[in-house]
Amino acid sequence: MALATEPIGSIPRPRQLLQGIEARSQGGISQSELDALYEDAVRDTIASFEETGSPVVTDGEQRKQSFATYPIAGLEALAPDGVVIPFADGHTRQLPQLTAGPFRYRTYAGSYLEAARQHARVPLKQAVISASALSLLYPSDGLDGYPREAFLDDLVAEAEADIRSCLAAGAHSVQIDFTEGRLAVKLDPSKGLLGNFVALNNRVLKRFSASERERLGVHTCPGGDRDSTHSADVDYAELLPSLFELEVRNFYIQLASERDPARVLAVIGEYLRPGQKVFIGVIDPIDTRVESPDEVRERVLQAAEHIPVTQLGTTDDCGFSPFGDDVSTARETAFAKIRARVAGTQLASHELGV
């Protein structure tokens, strides 16, 4: 059996959909016309994904405005002045801030999966946002009548429901996006914030059985938006020991864009526990150059020097468009890179005899 390979999630939207979203914002088309464009985008994305030969695909997150805030889009109890996340190139993203409780999701990710299944012929993966990321919505000065612990109880319950909606819809795997892990070390070098994040996510994960956690995974990267990152300057060795304390089987770890991948692989090999599986990033989404299959093969072979082949798989470093308005990567480039991941993984599998 060849090495497993899975995508991270997001794909740049087709131009027609981007134009439709803009037209809808100005009242130029109806909601039903926009919904039809979303449906076309999902259909085309899945078909293009399947043409790459990827054994597992996603809907490209075509219906999500943001990988982080899809559950709360349209929620009334929000203000726009939440946590600001600065990126290395100077641009920022800002989270909203909760203004009242109780906290509830408006959308569960399983609904995207149910819609995508109408078009897919191969297994589907679904990404969800971590409870730790959404914990940043709670204001630092608290909310009258809604203490932080009550919010966290509600958040854990909603995060569980989000994951369960994906499992119930038949997800091959559910990936929890934990891109704030490395950022937490940057914000708090004592790693107290990181410890709190890991503990909170484990509160969610411990609600699932051992067999259910076989289908769950966690993705980490230093951010990837408009060809920039928010925490690539943080030493991976400060995150990885805590990362492997998360109660899941699968880990999707950005690696292709690392300056010293051999060093990171050595740390992974040191802290990886039995029963856990690492999908290493072999494709850099924010590099416009398309990797060759041979280059991917070499990255896999290097990883196999540190990680048992039975615990090794491949993935992309990050999504190609985690925020819906990020058009820094061409759609065609994204699929070309995915084809290289699939082909290079097959080459490495043959060389490794798996």
Side-chain angles (χ1 to χ4, degrees), residues 4 6 8-9 56 67-68 71 103 105 108-110 113 123 125-136 148-149 151-185 188 191-221 236-255 264-265 267-281 307-308 310-313 315:
E6 295 184 12
I8 288 298
V56 178
F67 81 102
F103 177 69
Y105 283 17
Y108 293 125
L113 195 67
K125 177 180 182 178
Q126 183 61 55
V128 300
I129 191 59
S130 66
S132 55
L134 292 181
S135 71
L136 297 172
R148 181 174 181 80
E149 283 308 311
F151 162 72
L152 292 178
D153 288 344
D154 289 340
L155 172 58
V156 167
E158 289 296 276
E160 177 193 4
D162 197 26
I163 295 171
R164 289 201 181 281
S165 74
C166 301
L167 294 177
H172 166 80
S173 56
V174 181
Q175 169 190 296
I176 301 168
D177 285 329
F178 184 50
T179 62
E180 70 281 6
R182 208 162 168 180
L183 180 62
V185 178
D188 177 14
K191 291 187 272 190
L193 180 59
L194 175 61
N196 290 338
F197 280 176
V198 169
L200 179 60
N201 290 329
N202 272 340
R203 281 181 61 184
V204 177
L205 294 168
K206 287 176 181 178
R207 293 183 168 214
F208 294 87
S209 68
S211 61
E212 288 171 330
R213 289 200 296 270
E214 290 283 307
R215 294 165 62 191
L216 306 185
V218 171
H219 164 59
T220 186
C221 73
Y236 237 149
E238 296 298 308
L239 168 66
L240 291 172
S242 297
L243 184 74
F244 290 116
E245 293 175 4
L246 288 166
E247 298 292 335
V248 293
R249 179 174 186 262
N250 303 307
F251 293 85
Y252 305 92
I253 298 181
Q254 165 265 344
L255 190 64
V264 177
L265 286 165
V267 177
I268 292 173
E270 180 180 357
Y271 288 97
L272 182 67
R273 295 185 291 175
Q276 294 178 331
K277 187 165 189 171
V278 172
F279 290 77
I280 61 158
I307 301 168
T310 56
Q311 293 179 268
L312 180 62
T315 188

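- Listed here is the closest heavy atom pair of Val204 and Ala131: CG2-CB, 3.9 Å.
- In plain terms, the two heavy atoms of Pro71 and Leu134 that are nearest each other are CG-CD1, 4.2 Å.
- Using a 4.0 Å cut-off between charged side-chain N and carboxylate O, Glu212 and Arg164 make a salt bridge.
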Chi angles and distances behind the side chain to side chain contact (heavy atoms under 4.5 Å, CB included) call for Leu194, Asp188 | CA-CA 8 Å; Leu194 175 61; Asp188 177 14; over 6 Å; no
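- Note: Leu255 CG to Thr220 OG1 = 11.5 Å, rounded to the nearest 0.5 Å.
- Under a 3.5 Å cut-off, the side chain of Asp162 and the backbone N or O of Glu158 do not form any donor-acceptor pair.
- Without hydrogens or angle criteria, Glu180 side chain to Ala133 main chain gives a donor-acceptor distance under 3.5 Å.
- Here the shortest heavy-atom pairing between Cys166 and Gly110 reads SG-N, 3.7 Å.
- The OG atom of Ser132 sits 8.5 Å away from atom CG of Leu246, with the distance rounded to the nearest 0.5 Å.
- Across all non-hydrogen atoms, the minimal contact from Ser135 to Leu200 is CB-CD2, 3.7 Å.
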Can Leu243 and Phe178 be said to form a side chain to side chain contact (heavy atoms under 4.5 Å, CB included), step by step?
-> CA-CA 9 Å; Leu243 184 74; Phe178 184 50; 3.8 Å; yes
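- Considering CZ of Arg249 and CZ of Arg213, their distance stands at 13.0 Å, rounded to 0.5 Å.
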I would like to know whether Tyr236 and Ile268 meet side chain to side chain contact (heavy atoms under 4.5 Å, CB included); could you show each step before the answer?
-> CA-CA 10 Å; Tyr236 237 149; Ile268 292 173; over 6 Å; no
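- The residues Asp153 and Arg148 are annotated as not salt-bridged, no charged nitrogen and carboxylate oxygen being separated by less than 4.0 angstrom.
- Atoms CG and CZ, on Leu167 and Arg215 in that order, are 4.5 Å from each other to the nearest 0.5 Å.
- Comment: Glu247 does not engage Lys206 in a salt bridge, judged by the lack of any side-chain N to carboxylate O separation of less than 4.0 angstrom.
- To the nearest 0.5 angstrom, Leu193 atom CG is 7.5 Å from Leu136 atom CG.
- The shortest side-chain heavy-atom distance between Leu272 and Ile307 falls under the 4.5 Å cut-off.
- Stacking of Lys277 on the aromatic ring of Tyr252 is not recorded, the 6.0 Å distance cut-off and the 45° axial limit not both being met.
- Panel note: side chain Gln311, backbone Val278; no donor-acceptor pair is recorded below 3.5 Å.
- For the pair Ser173 (side chain) and Leu216 (backbone), a donor-acceptor distance under 3.5 Å is absent.
- A heavy-atom distance below 4.5 Å is found between the side chains of Val156 and Arg207.
- For the pair Glu160 (side chain) and Leu205 (backbone), a donor-acceptor distance under 3.5 Å is absent.
- For the 3.5 Å distance criterion, the side chains of Ser130 and Asp177 fail to qualify, holding no donor opposite an acceptor.
- Using cut-offs of 30° and 60° for the angle between ring planes, the Tyr105 and Phe103 rings count as perpendicular.
- Not one N or O on the side chain of Gln126 forms a donor-acceptor pair closer than 3.5 Å with the backbone of Ala171.
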Could you walk me through whether Tyr108 and Val128 pass the side chain to side chain contact (heavy atoms under 4.5 Å, CB included) test, one step at a time?
-> CA-CA 9 Å; Tyr108 293 125; Val128 300; over 6 Å; no
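- Interatomic distance, Ile253 CD1 to His219 NE2, rounded to the nearest 0.5 Å: 10.0 Å.
- The shortest distance between side-chain heavy atoms of Arg182 and Glu238 does not fall below 4.5 Å.
- One N or O on the side chain of Asn202 and one on the backbone of Glu245 form a donor-acceptor pair closer than 3.5 Å.
- A distance of 6.0 Å or more separates the ring centres of Phe251 and Phe279.
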